[in-house]
Amino acid sequence: MTIILDPDEPAGWREAPSAPAADDNPFVQGLNPEQREAVEYRGPALLIVAGAGSGKTRVLTHRIAGLIASREAWPSQILAITFTNKAAAEMRERVGALLGEADDGMWISTFHSACVRILRREAEAIGLSQTFTIYDSADQRTILKRIIKELDADTMGFTPAGAASKISKLKNELADVETYARNANLNDPHEVTFLSIFREYSRRLRDASALDFDDLIAETVYLFRAFPKTAALYRRRFRHLLVDEYQDTNHAQYSLIHELTRPVEPEEVHELEAQGLHVRGLLDANHEIPGASLTVVGDSDQSIYAFRGADIRNISEFERDFPGARVVLLEQNYRSTQNILSAANAVIANNFDRKDKNLWTADGAGEQIVGYTGYTAHDEAQFVADEIDALHRAGMAYREMAVFYRTNAQTRALEEIFVRSAVPYRVIGGTKFYERAEIKDAMAYLIAVANPLDELALRRILNTPKRGIGPATETALAKFADENDLSFREAMRAAAGLGLGPKVTGAILGLVGILDQAALMMVPTDPASGSNAGAAKVSEVLAFLLAEGGLVTALRGSRDPQDETRAENVEELLAQTKAFDTENPGSTLVDYLTQVSLVAAADELDDASGTVSLMTLHTAKGLEFEAVFLTGIEEGLLPHQMSATEPGGPAEERRLFYVGITRARKRLYLSLAMSRAQFGEVAVAMPSRYLQEIPEGLIDWKQSPGDATSRGGTQPRALNARRGPGSGGYGRSADDRFGSARRLESLDRFSVTKSEAPRAEWANKVTGTVRDNGDLTLEAGDRIRHTDFGDGTVQQVTGEGTKRIAHVAFDAAGAKKLLIKIAPIEKL
DNA sequence: CTGATTCGGATTTTT
DNA sequence: TCCGAATCAG
C-alpha cells in the first residue's frame, strides 16, 4: 500500500490504490526501443532528442500516463509545458484517453499560461493587482510610441518597434531596469535615452498593473527568487516537470525551469510543515525535498525562435546543466516518406555545428517531391491551386493540405487565386480576429472594468465611439491625474472640477459611470468564498457595455461601408463570450481576458474544418499534413533578407526550411516565382540557395528555374541537373548546379534585385485579376474566355448563389475550377 | 473636435 | 500597395 502526497486533497494525503503490476507497463506497447526507454526511464533529468515526426508527443503522453497509472505521481504533481495551447489540449486529451479518467489537477499548459496562473495567485506579494492586464505587442507599441514622442527620442532614431525588441531581449535575459542601469554606459547619450524609455515603460506598466508577455515569465522567476517560501510551495507540488520544444526556450524560461526543479531545503521544509503542509514521503536522507524530475523534449534542428531569445544552448548543454542526465535519441520517423526525409536530411546537413542525426523511415520512398517555378507569385499560386484541386479529386481531404510561406505578406497572391479558383482555405494567424481595431475597442471596455488601473484601455475607449472627448481633453485628464497622484480613472470621476465644457464633462462622467456600474455587476455575492457565484456573466457585462457605451450603434450608423462588417465582428465577439460562459461556467471576466490574451495562431486550427490551411513556416511547427506546399523558396524570402544581418541567420532560416519539409507526410511541393511584387514594384527573385541542397532525383520539376529564365527554347531542365558534356565536372558549386539558370548574369544571386520592368518572356502568365460578373449564368457546354487561361468549355456547374463554381476544360490550360461570380471570364 | 485629404514610409518570423 | 501621421477646412 502506497501513501503519497496529493496537493489537491485538503488533508494533503490520500491513499493510493495499489499499483498495477509494474513489470508489464501497458504504456510501452507498440513503441520502439528508444521510445520505450524515454517512457520508462526514471531519474532526475531526461533529455529526449526527438527528430521531426519521431513520435515525441506519443512518448510524452505515455510517460505521463505511466507515472500516474503506476501511482508514482498524482496528476496534480505533474507540470507539462507545451508551446501552444492547442498542443496542451491535445496532450491532455491523449493522456485522458490513455488513462480513461479525467486529469484532476494536472497542469498542462504553455509557459505563459502557467505563469499567469501562478502570478494571479501570488499577485499581491509582488505589488500587482490580481486582475492585472496582459499587454500584447500592439499595446506595447502604443505605449512606447507615446513615451518616445514625449521624450523626443525619435530624433535619436528610436522607434517603437526597435525599443520594444530591445526591451524584450533584456527581459528575456532577466535584466530589469535597475540591472540595465547598473551596466549601462552613461556616457553614451543613446544608451541614456534608452534607459529613460525603458524606465518610463516599466513605470507605466506597473502603474497600470499590467505585464507584457516577457514579464509573465520574468516576474514569475523574480517571484520565486524573492520569496523562497512561495517557491517552496510550487517545488513541493510539482514533482515531474516535462517541457516540450525545449530548443525554443529562452533564458528566462530556462531559469524558470531551474527554479521549479530546485530542491526544497531543510529550512523551507520546516516552514512548509509549520504552515500545516505535509512533506512526509517527499523527504530524502538530508531532510530536504529533492528537486523535481525534469524531462525535456527537443530537436536543435527545429530551433527557429532565436529572434525571440530562444537559446539553442539550453538544449545543447543540457547534459552539462544536469549532470547525470540520460539522453535518448529518437530518429525513426513515423510521419514522412523516405524521399521527404532524404531531402530534409540533406538540407539540414549543411548546418555545421550540429550533432549528426539522420531521420529514416521503414515505410518506403513514396512519391517524388514536386517542384515548380512560376513567373509571378500569382502564377505560382495558380500551380498550388491546381495541384490542390488534383489532390482533392484524387480523394484527399482539404484539411489534410497546407500551404506554408515565410512572410504573412505572401498570403495576398495565394488568397486572390484561391478565391477565384474556388479553393476553400483558411489563413491561420495573420491578422487575427482579436487584433482588429473594433475588437480591441470592445475588449478595452472589458479590460477597463476588470482592471480600473489600466490607463491604456481607458484612453482607448475614452473617445470610442466619438463622444467629443478629443486629444486636448485627454491630455488635460492625464495631467490632472499626474499632478494629483490619481489614477486616470479617478481623474475621470473628478472631471467636474477640471473646468471643461459641460458637454465634455458630461461625456466623461457618463463613461466612467457605465464602467463603475459594470464593475458592480462583476462582484460575486460572496467574494470571500472564492466562488464566482452571483457575478454577471462575461457576455452580460459585454452586452451592457456595448449597449450603454454605444459602440455597435455608432458602427451601424456610420457611413463608412466597412463599419458594417466591424459591427458584425463585435457581435461575433459577443457570441464568443456567450460560448465562453457556457463552456466555462463560474469563470470570471479575468479568466476570459487571460484566455484571449494567450491564444496563439496555431490554436485556431480546427481539425474538423474542410479547408486548406495557410500559415507561416513558424506557425507550422509541430503540425503535420498529408500534403504540404512550401511556397516562395527564393533568395530574399527564404532565407529572408533581414536574416542576413542576424547572427546565425542563414542557419536558422535553413532550419525553418527543414521544419517546413518535415511537416509533410506523403506529398511535398516546393515552389517559387521568378519575379515577385514588393510594394507594387516588381522585383526579380532568385531560387533559394537551399534548393540546391536537395539531391537531384528527389525533385520532379514541373517547371524549373531553368525554363523560366532561359532565352529561347532550352529543354526543360531540372534545377540541379548535371551540366552537359564538355562543361567539365560535377562540382557541387552553386553555379554548376543551376544549369542554364546560372547565367542570370550579374544579378546578385543572393538578394532580390529590383529591375525596371519584367522581361517580355516573363510577362505575367497568370494575374490576380477578378471581375464582378453579377449573376452571370453558365451551363455545361458554354464556351467562355478567361483573361489568363484563354478559351474553354464549361463541363459542369456546381454550388449555389454567389458560390457557383464552373468546372471548365480550357483548350490550352487544362481543367480548372472557377468561382463564377468573380473569375475574369466572359461568355462567348 | 471631426472628417477629409495628402504624403511618406514600411514589411520577418510570435508567445 | 496599404497604412498611419500630419495637415487643413469646417
Side-chain angles (χ1 to χ4, degrees), chain A residues 81-88 109-116 134-138 140-142 145 149 154 159-161 164-165 168 171-172 211-218 245 248-250 252-253 303-310 404-413 416 428-432 435 437 462-463 465-474 500-501 503-504 507 558-560 597-603 615-622 632 636-646 649 652-653 655-657 659-660 676-683 752 768:
Chain A
I81 304 282
T82 60
F83 203 64
T84 63
N85 293 304
K86 180 166 188 281
S109 70
T110 62
F111 269 110
H112 296 267
S113 306
C115 287
V116 171
I134 301 164
Y135 280 174
D136 66 14
S137 18
Q140 206 175 16
R141 261 215 324 277
T142 312
K145 202 193 290 170
K149 202 166 176 188
D154 45 347
T159 60
S165 106
S168 172
K171 288 186 175 178
N172 285 334
L211 299 176
D212 63 25
F213 280 129
D214 303 315
D215 285 331
L216 295 177
I217 315 289
E245 308 283 12
D248 284 323
T249 51
N250 60 34
Q253 292 164 332
S303 162
I304 55 173
Y305 282 104
F307 72 93
R308 209 169 73 190
F404 302 156
Y405 35 82
R406 177 66 233 269
T407 69
N408 285 117
Q410 289 168 251
T411 49
R412 185 156 301 136
E416 282 168 6
I428 312 297
T431 315
K432 280 162 256 159
E435 282 170 13
L462 193 60
N463 197 30
K466 302 264 180 289
R467 304 186 169 86
I469 308 173
T473 313
E474 187 181 332
L500 298 160
K503 233 171 128 185
V504 181
S558 152
R559 282 191 293 111
D560 186 336
S597 301
L598 299 178
V599 289
D603 297 338
M615 68 190 88
T616 65
L617 284 163
H618 283 89
T619 309
K621 191 174 74 157
L637 223 41
L638 190 78
H640 196 276
Q641 51 215 351
M642 292 298 180
S643 72
T645 52
E646 294 203 358
E652 174 140 326
E653 298 284 307
R655 289 194 290 269
L656 204 46
F657 188 40
V659 166
R676 193 165 287 272
Q678 232 179 16
F679 324 120
E681 288 201 72
V682 179
V752 173

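So that the names make sense, note that chain A is the first sequence line, chain B the second, and so on, each numbered from 1. Computed from heavy atoms alone, side chains included, the values below leave out hydrogens, waters and symmetry copies.
Nearest nucleotide to the A:F307 side chain, out of B:dT12, B:dT14, B:dT2: B:dT14. Of the candidates B:dT13, B:dT12, B:dC1, B:dT13 carries the atom nearest the A:T616 side chain, counting heavy atoms from C-beta on. When each of B:dT15, B:dT12, C:dA5 is scored by its nearest atom to the side-chain atoms of A:R308, the top-ranked nucleotide is B:dT15.
Here A:D136 lies out of heavy-atom contact (under 4.0 Å) with every strand. Among the atoms of the strands shown, only primed sugar atoms or phosphate atoms (P, OP1, OP2) are found under 4.0 Å from some heavy atom of A:K145. Contact annotation for A:S643: no contact, since no heavy-atom pair falls under 4.0 Å across all strands.
If you check distances only, the side chain of A:H112 does reach the base of B:dT15 with a donor-acceptor pair under 3.5 Å.
The shortest side-chain heavy-atom distance between A:S109 and A:N85 does not fall under the 4.5 Å cut-off.
At distances below 3.5 Å, at least one donor-acceptor pair connects side-chain atoms of A:Q253 with backbone N or O atoms of A:N250.
Rounded to whole Å, the distance from CZ on A:R412 to C1' on C:dC2 is 7 Å. In this structure, A:K171 places its NZ atom 18 Å from P of B:dT15, rounding to the nearest Å.
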Give DNA chain B the dot-bracket treatment, 5' to 3': Watson-Crick (N1-N3 with N6-O4 or O6-N4) or G-U (N1-O2, O6-N3) under 3.5 Å, [ ] crossing, | other strand. ||||||||||.....
